[in-house]
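Please read the structure below before turning to the comments.
Atoms within each ligand, like the ligands themselves, are counted from 1 in listed order.
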Amino acid sequence: MLKILRRIVQEMNDAKNLEDSLQILVKQVREVLETQAATVFLIDREQGKYVLMATDGLNPDIVKRISIPLEKGLVGQVIQREELINLENAPENPHFVHVPEVREEPFKAFLGVPIIHQRRVLGVIVVQQEDARCFDESEEAFMVTLSAQLAGVIAHAEATGAMLKLSSVEGSASQDRFEGASLGGIPGAPGVGIGEAVVVYPLADLDAVPDRKAESVVSELAQFDMALSQARDEIQALKGRMEGAIAKEEQALFDVYLRILDKMGIGDEVAQEIRDGQWAQGALRTVIKRHALQFEAMEDDYLRERAVDVRDLGRRVLSHLQARQKVTIQYPEKTILIGDEVTASALASVPEGRLMGLVSAQGSGNSHVAILARAMGVPTVMGVDDLPVSHLEGRELIVDGYYGQMYVSPSSELREEFLLLAEEERQLDADLQSLRNLPAETPDGHKVSLYVNTGLAADAGLSLSVGAEGVGLYRTEVPFMIRDCFPAEGEQTKIYKQMLAAFSPRPVVMRTLDVGGDKPLPYFPVEEDNPFLGWRGIRLTLDHPEVFLVQLRAMLKASEGFGNLRIMFPMVSGIGEIDEAQRLLNQAFQEVTEEGFEIQKPTVGVMIEIPSSVYQADEFAKRVDFLSVGSNDLTQYLLAVDRNNARVATLYDSLHPAVIQALHDVVKSAHAQQTPISICGEMASDPAAVILLVALGFDALSMSAASLPRVKWVVRNFTVEQARTLLAEVREMNHPTMIRCHLELALEQAGLGGLIRAGK
Ligand code: PEP
Ligand code: MG
């Protein structure tokens, strides 16, 4: 059964469009269950109806012509109840609605199964049979499993199909499926961005190659030929190396590979696609997918497995093509980066001033790329379910980072609307510039220090221009991530010196290398089942003192002549790690002073971002000079919700009552030891949360430079007394959403609504 299911889903995935995909579905279901009719209905929420989208067994002429109000009929019942309905004699059921054009009179048995994606019913699959009988348990089980697997495919179709306007699709084949589409994701960084889509994709990933027009068919053909022949040479060499090592029959496999890579194999087909106007990479993707699908559809296990080989061969040719066609991306004046997984280096590659927005299919609001985007003030939407990446290159996009929404090829009215909102945003930011030299002080005189989080030296100018009092978190892993090997001590010293010099005399908190989890180093891969619970942060650096000591020495050397260095350890889970890290820091200090550097001992802090550290905060506070809460990880670990997983993103909320309680306890523990405490997670840039952080007594907040003026605006608008009243009110509440609404209402009432939505 698993094989059949996999085959159906695969075929649907590879279909050209929604219509073909659904037709494959009903045909396969009818065959597999040996029934007389299989039909799929999808919901058109805008119209409040469900639409018959494909059928094998009912009247084919009514496809997309029949739409029924959501609450009507047996299908309506399946939708309302969100569970399957299995009837021996459907026409006798009081909910049965007779629609003559459907021609279902001969059928009695009815099994309707809902298609549900992320708690939302998207449609219903129905199978029918003439005999009056109930479908048996195995048939039910098959349909439920199939439907669960299909939900993702249909959600994707719906995402692009929201544009398809289900009930008015007749004759729309030539219509642009993406025009006017609106796709929802998770807010990544606030703001509104309008620009042209530039698709970024990982190399040698066939699925990620976008459609693109061939600029010169002749040159694409020549490059493809070369890549193909290089791949063939490679296989030939492999074959030679294997001679004698494997049996003759297995050797023959290499001949099969060579034939596939022959001109007569995929060669001609790819060439034809290129002549039809595709660039070589896109043509290769189409052909390889087509061949792999043919293998996957085979009943024979051995042959089906060959699909893997075809994909592998495709990747080989692609890697040669990509080495040859080193795409120099042309970034338009207003670029919106879009990709399945947009990386920090892709973001950093866009020339200054051109990046207007970012959309990523994977990740959530607390992924590191979203944090970087916030740092750079780039409106961002993350976790856009089934983003049709390969079809968006060059299109005009609008990114609404407040609501996590993007719009493809918008209508002129929508564009006008968003241009207006963007202008209001710009105006608001300009107005907030006037706060630059004013203190971050509540109206009743309580001062809170505002620092910036940074990872790129280029941020320094922006940070200072918004009036940052220093750096509360310098993520040193960023320079490690955008290189291809560990930076040497001299190189690191230079980078850190730039940072210390740019902010001097203001303090700079440098966090020691925090890689692992979702921040792998390309040149230091770590394979783990649970990377977030694994070898990351201080755990990794303590295990590699040779890396740790180089970093500490570089920081210390860089501080000579400045004296504004503070060092902070990430991901600390217990006292032992602090003691060991301090021991290594002392060793580095001694070495560097012995080398003749005249430096002061830096102040040292630890991050509170693991639940155990909340309970040991008082012991930590006795050992170090300051504490800083990493609310991104603290929320993730307290709530056991992966901060990058779009599926559980709605559960990830730093305004969860348990998180607020933890923050309360940590501030108390720190202050009991007279140890200052700051917060450097994203919570510190969330205007609603800021009110609570002030009330809880944090001494400093550290956030992206782009957020700082907005946070200052909040601080300057709420007295400590008002903030404490709001804190007391929300501490009576049990739900993060209620807490957020309550705080956002307070912002609106104080005239600060522009902080939580587009416009002023
Ligand atoms: C945090 O976890 O809140 C934090 C500031 O660190 P990072 O986001 O880099 O893990
Ligand atoms: Mg962290």
Side-chain angles (χ1 to χ4, degrees), residues 188-189 343-344 347 363-376 380 382 450-456 459 471-482 508-521 531-541 566-573 577 605-614 617 620 626-645 649 652-656 659-660 662-663 666 677-686 689-690 693 698 700-705 707 711:
T343 61
L347 190 148
S364 74
N366 282 287
S367 301
H368 280 96
V369 68
I371 293 177
L372 271 185
R374 275 199 287 276
M376 295 164 72
T380 297
M382 301 290 292
L450 298 188
Y451 295 121
V452 286
N453 292 350
T454 176
L456 302 166
D459 287 352
V471 174
L473 169 65
Y474 171 39
R475 290 186 165 93
T476 58
E477 54 278 7
V478 177
F480 279 71
M481 282 158 79
I482 55 179
V508 174
V509 177
M510 292 198 177
R511 180 174 72 180
T512 59
L513 192 60
D514 183 18
V515 290
D518 66 335
K519 290 179 286 190
L521 290 177
F532 273 110
L533 300 182
W535 209 35
R536 57 170 300 205
I538 197 77
R539 302 168 182 186
L540 191 149
T541 44
R566 298 180 180 179
I567 292 182
M568 179 162 77
F569 304 126
M571 282 295 292
V572 172
S573 63
E577 288 162 337
V606 289
M607 292 194 68
I608 302 289
E609 50 184 349
I610 295 182
S612 62
S613 65
V614 172
F620 285 15
F626 65 93
L627 300 181
S628 186
V629 174
S631 55
N632 307 336
D633 278 315
L634 187 59
T635 305
Q636 148 165 282
Y637 293 124
L638 269 180
L639 306 182
V641 176
D642 179 347
R643 62 194 259 187
N644 290 306
N645 185 342
Y652 183 101
D653 197 333
S654 298
L655 291 180
H656 190 292
V659 179
I660 297 173
L663 296 179
V666 169
I677 180 156
S678 62
I679 177 163
C680 60
E682 293 305 298
M683 201 175 177
S685 51
D686 174 353
V690 166
L693 300 175
F698 277 93
L701 313 180
S702 191
M703 69 220 69
S704 63
S707 314
V711 170

(request) Please confirm whether E682 comes under 4.0 Å of ligand 1, counting heavy atoms of the residue only. (result) no
(request) Applying side chain to side chain donor-acceptor pair (under 3.5 Å), run through E609 and S613 and close with a yes or a no. (result) CA-CA 7 Å; E609 50 184 349; S613 65; over 6 Å; no
(message) Measuring only between side-chain heavy atoms, which start at C-beta, is N453 closer than 4.5 Å to S704?
(response) no
(request) Begin with the C-alpha distance, continue with both residues' side-chain angles, and end with the deciding distance and a verdict on side chain to side chain donor-acceptor pair (under 3.5 Å) for S702 and S678. (result) CA-CA 7 Å; S702 191; S678 62; over 6 Å; no
(message) Using a distance threshold of 2.8 Å, state whether an N, O or S atom of D514 lies below it from the Mg ion (ligand 2).
(response) no
(request) Decide whether an N or O pair under 3.5 Å exists between S631 and ligand 1. (result) yes
(request) Mark up the atoms of ligand 1 that fall under 4.0 Å of a heavy atom belonging to L473, in ascending order. (result) 5 (C)
(request) Starting at OG of S631, measure out to CD of E682 and round the result to the nearest 0.5 Å. (result) 7.5 Å
(message) Once rounded to the nearest 0.5 Å, what's the spacing between atom CG of L473 and atom CD1 of I679?
(response) 11.5 Å
(request) Measure the spacing between OG of S612 and CZ of F620 and express it to the nearest 0.5 Å. (result) 6.0 Å
(message) I need the nearest protein heavy-atom contact for atom 7 (P) of ligand 1: residue, atom name and distance, please.
(response) H368 NE2, 3.4 Å
(request) May I ask whether M607 places a heavy atom under 4.0 Å from ligand 1? (result) yes
(request) Considering only non-hydrogen protein atoms, determine which one is nearest to atom 6 (O) of ligand 1 and report residue, atom name and distance to 0.1 Å. (result) R511 NH1, 2.9 Å
(request) Report the angle formed at the Mg ion (ligand 2) by atom OD2 of D633 and atom OE1 of E609, rounding to the nearest 10°. (result) 100°
(request) Compute the minimum heavy-atom distance from M568 to ligand 1 and say whether it is under 4.0 Å. (result) no
(message) Is it true that T635 and S654 share a donor-acceptor pair across their side chains at a distance under 3.5 Å?
(response) yes
